[in-house]
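Structure record follows, encoded as structure tokens.
When reading the values below, keep in mind they use all heavy atoms of this one structure, side chains included, and skip hydrogens, waters and symmetry mates. Below, read A as the first sequence line, B as the second, and so on, with proteins coming before strands; counting in each chain starts at 1.
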Amino acid sequence: MDYNFSELEPRWQNWWREHGVYHVDNHSDKPHYYVLDMFPYPSGAGLHVGHPLGYIASDIYARYKRLRGYNVLHPMGYDAYGLPAEQYAIQTGQHPAVTTEKNIARYREQLDKIGFSFDWDREVRTCEPKYYKWTQWTFLQLFKHYYDNTLQKAVPISELEERFARQGSEELDAACTEVLDFTAEEWRAWDKVKRSQVLMNYRLAYLADIPVNWCAELGTVLANDEVVGGLSVRGGYPVERKLMRQWSLRVSAYAQRLVDGLEQVDWTDSLKEIQRNWIGRSEGAAVWFPLDVKSNENVLPGAQAYMPQFDPQPVPSFEIFTTRPDTIYGVTFMVLCPEHELIDSITTDAQRQQVQDYVTWAKNRSERERQAEVKKVSGVFTGAYAVNPLTEEKIPIWVSDYVLAGYGTGAIMAVPAHDSRDFAFARHFGLPIRQVVAADKDPETGKPIVSDPNTWSESMDAKSGWSVNSGQFSGMKVKEAMAAVIDKIEEMGIGHRTVNFRLRDAIFSRQRYWGEPFPIYYKPYATPIPEECLPLELPEVSEFKPTATGEPPLGHATKWAWDTKSNTVVDCSAIDNDTVFPLELSTMPGFAGSSGYYLRYMDPTNDEAYFSKEAVGYWQNVDLYVGGAEHGTGHLIYARFWNKFLFDIGMAVKEEPFQKLINQGMIQGRSNFVYRSKTDNSLFISKGLIKNMDDVTPIHVDINIVDNDVLDIEKFREWRPEFANARFDMEDGKYVCGWEVEKMSKSMYNVQNPDDLVARYGADTLRLYEMFLGPVEQAKPWDTNGIEGVHRFLKKFWRLFESLGDEPASKDELKVLHQTIKKITDDVERFSFNTCVSTFMICANQLADSKCCSREVLEPLTVLIAPFAPHIAEELWHQLGHEGSVCDAGWPQYDPKMLVEDTVKYPVQFNGKMRFTVELPAVCTQDEAVAAIKAMPEGQKWMEGKEPKKVIFVPKKIINIVL
RNA sequence: GCUCUGGUGGUGGAAUGGUAGACACGAGGGACUUAAAAUCCCUUGCCCGCAAGGGCGUGUGGGUUCAAGUCCCACCCGGAGUACCA
């Protein structure tokens with residue numbers, strides 16, 4: 001009987017479904033293991049071969065763990081809310097729910113064909129009310145908590161209210177939008193509206209006027225990770241900075257813990273590095289620079305707000321942040337960002353017009369312009385001066401947009417000699433440059449080498465060398481000087497050690513329809529609907545575009561108001577701002593639903609809770625997470641934040657959600673080209689016959705009509721009408737196409753659909769081939785050129801069973817088996833699935849050579865291959881007479897004794913040069929080996945009259961004799 | 001610019017510091033067949049040689065070691081992330 005994959009695979013897929021083979025319980029005596037894939041966004045295009053790569057790898061590992069006796073949770077679901085479905089809805093008027101449903105059905109059909117071991121009883125869809133109920137619930141918990149920096153955790157906001165009533169803001173160290181200062185009396189005197197404003201300043205989910213990434217084309221705001229180079233990631237539309245009232249998540253409160261947590265997880269260094277860079281922790285000092293009051297009569301009381309709280313200074317001052325406090329003697333000017341509050345009050349009358357013009361210009365510049373012209377220096381002098389607190393020098397204050405409002409304090413001390421941006425600025429405006437760090441010391445005098453910085457072509461930014469021209473700190477190493485200067489500053493009471501993060505809070509509102517509604521109404525301050533009323537379901541709207549007044553699409557909903565009497569959603573016409581209030585019109589962003597989905601899989605049908613204590617207590621967290629590295633600054637940050645918060649409030653039991661993470665490499669497309677002659681429009685020249693590439697035009701050709709780079713000429717003529725009369729210059733009767741690695745995309749005709757390959761070769765071949773392509777982590781172009789080889793292997797494997805018998809295996813056959821078991825076990829453990837496939841091939845070749853047909857050998861082999869090629873394994877397992885699934889067979893163990901060879905061929909080297917090979921007993925000592933070599937004719941020839949000075953004996957590897 | 005990766009035959013890729021190129025594709029040759037498909041066998045890093053054999057080889061140049069694709073230093077070239085973050 002032939003290997004009939006197209007009959008056998010659907011049959012076993014049905015059998016698995018009917019027998020609930022992949023159903024997982026939350027109760028088991030077995031150890032638990034949780035294998036998770038990043039769930040897909042079901043797009044209209046369906047799956048391409050890149051998607052299953054990670055799913056196949058995780059499926060292999062999940063099946064392996066199960067065979068090793070673990071209770072394995074391996075779920076799948078859909079990230080179903082998002083922009084593309086909505087864009088499509090706007091264009092076609094189709095409800096996003098309808099298209100999403102259709103796409104999900106298509107995805108499911110494709111996934112089922114590949115034979116995954118997902119427990120579909122646990123499927124989640126982020127757009128379903130029973131799921132997003134818990135997204136909304138988590139949002140409300142974030143709204144109801146603040147972050148206490150002293151305790152380093154989230155605390156209920158009710159405790160903050162009690163605290164304010166007791167002692168005001170005194171001694172409070174909490175994550176907040178701005179530092180507030182008030183007494184208990186003041187708090188008690190405030191009304192509900194004022195109090196809600198104050199509390200909003202501390203909530204972990206908060207509403208604030210913040211500069212956002214506004215994308216006019218998409219009609220929505222975007223998070224930082226959704227914008228690259230001033231353009232939206234989705235669509236590539238321009239994005240501008242705009243001040244808007246938006247919901248945000250106070251992710252920044254967790255910045256330190258997000259950095260620290262990276263130490264505890266088993267991720268690749270590169271991904272950890274991506275996250276560290278994104279969080280951008282930098283240590284340095286906050287320093288107060290007093291204004292030079294004498295030189296500027298315009299210093300107004302407004303500047304008083306900048307007085308340091310810890311030490312009332314007699315003069316107004318402002319705060320800067322620096323990572324190089326050691327260079328404070330090199331400050332020759334100060335720079336404020338154009339948005340800085342102090343600008344108005346310090347600018348002198350003479351400079352006022354210029355400063356105002358500059359600030360206006362800077363504000364109107366688009367984000368893209370600003371980023372594109374980074375190298376262009378611009379700025380203006382305010383006319384005001386500050387005083388360097390250590391040198392008491394008078395230093396000019398400038399305004400420039402190279403200082404950003406969102407980082408640090410929006411003000412810097414400029415040290416042009418040791419910062420490249422300050423250097424460029426100083427050069428451009430002719431400001432003085434002063435060297436305060438020397439890179440080297442003169443080897444003779446031992447003195448640091450200084451030179452005239454005005455002759456430098458670039459600044460000396462390295463944090464190494466020795467301080468010079470720095471008063472009492474001169475001569476110190478840079479690292480020492482940093483510490484010493486901060487100590488001095490703290491002693492003087494004009495600053496302190498501090499840490500700054502680049503990570504910003506995540507903007508959480510989207511002016512879109514297809515997302516989770518906020519469970520918030522306005523009376524007029526933001527108020528949550530009662531938790532027992534969740535989920536607040538997404539209303540129907542007449543259209544999906546923004547309203548005429550520019551409100552989000554939910555503005556079209558007629559029934560979108562909250563009745564506080566009945567606690568139900570009622571018609572907007574009922575709004576009386578007394579008992580019926582308007583509901584929030586924005587929806588949540590895509591990352592809301594995907595931030596906590598892994599927890600929901602543990603207990604997906606629970607209506608009482610996000611997940612039960614028992615479920616999370618059993619499964620703990622994800623043991624293995626497989627997905628693309630492109631989520632490094634988005635999903636993987638949000639999910640960790642989400643989980644840490646849930647940990648703080650006692651929901652999650654592990655602080656980190658994903659213990660081990662493997663990034664599958666991106667699969668690029670491999671495009672094929674035909675070459676059309678420039679002189680004859682219907683003539684196509686085979687690649688090898690082209691003399692000069694300038695004579696031909698390369699044209700993308702559908703990879704589905706090309707096989708091993710050979711064009712199917714008939715199909716090509718049918719492909720497009722203009723090629724119907726094509727003629728070909730062929731080599732050896734074939735038309736050979738060119739190829740190139742490009743992004744997989746429809747327009748390049750290089751999209752490979754997994755269904756076609758399953759139909760042609762079977763799911764098992766596809767699975768093995770995707771693994772055989774190379775290491776899972778590595779990016780690689782898709783290329784079907786080798787798939788035949790893998791398919792041939794499966795046919796060969798199948799044939800091994802044709803003469804199956806019960807006779808005992810030979811010693812050599814057993815050796816092959818046990819070596820294979822060991823190699824496969826080791827390689828699966830280290831996720832080296834490509835070498836596993838090779839090992840199977842070697843094993844099959846050896847057994848075919850020895851005509852092995854012993855059950856003793858073939859039965860364990862069937863189990864070994866089951867994670868990789870489950871269909872054929874299941875079929876053969878049943879042919880071997882078993883009733884149950886091969887999934888529960890138990891992983892075969894190897895016998896270490898079977899791995900030992902009787903004899904081993906050692907390469908023998910003299911003085912490092914390979915001279916000959918000697919066969920020795922596998923188990924022997926160094927002395928025995930040398931004696932055996934001496935006894936051989938070749939050995940005598942080399943050792944004649946000499947005694948070895950040194951012998952390096954590496955058992956089973958090599959013997960190296962130094963004469 | 002900074003950070004992280006990687007650089008091995010015609011191709012994808014193997015190699016706990018120990019015979020580099022496993023395994024597969026492609027290519028060439030052969031067997032079986034009326035023929036094709038399928039299957040099987042041989043050759044296939046480069047150079048010299050009829051051969052036996054010898055020489056050279058893991059981006060480049062140094063170093064450590066009895067021994068380096070692997071470890072260390074410098075440089076060159078790809079890929080990814082990030083970008084006025086003080």
Decide salt bridge (Lys or Arg N to Asp or Glu O under 4.0 Å) for A:Arg799 and A:Glu802; before the verdict, give the C-alpha distance in whole Å, the side-chain angles of both, and the deciding distance to 0.1 Å. CA-CA 5 Å; A:Arg799 279 199 304 273; A:Glu802 280 180 344; 5.5 Å; no
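- Residues of residues 781-789 of chain A that place a heavy atom closer than 4.0 Å to RNA chain B, in numerical order, are A:Asn785, A:Gly786, A:Gly789.
- With salt bridges taken as basic N to acidic carboxylate O contacts below 4.0 Å, none links A:Asp826 and A:Arg830.
- Between A:Lys795 and the phosphate of B:U39, there is a side-chain N or O to OP1/OP2 separation shorter than 4.0 Å.
- B:U58 and B:C46 are spaced 15 Å apart, taking the P atom of each and rounding to whole Å.
- OP1 or OP2 of B:G13 has at least one side-chain nitrogen or oxygen of A:Gln778 nearer than 4.0 Å.
- Contact between the side-chain N/O atoms of A:Asn834 and the OP1/OP2 oxygens of B:A22 is not found at any separation under 4.0 Å.
- Listed pair A:Arg799 / B:A38 fails the phosphate criterion, with no side-chain N or O lying under 4.0 Å from OP1 or OP2.
- Distance check on atom P: B:C4 versus B:G28 gives 47 Å, rounded to whole Å.
- In textbook terms, a nucleotide whose glycosidic angle is within 90° of 0 is syn, while B:G78, being further out, is anti.
- Annotation: B:A51 and B:A15 have their C1' atoms spaced 32 Å apart (nearest Å).
- Comparing B:G9 with B:G59, their C1' atoms are spaced 15 Å from each other, to the whole Å.
- The side chain of A:Thr835 places no N or O atom within less than 4.0 Å of a non-bridging phosphate oxygen (OP1 or OP2) of B:G13.
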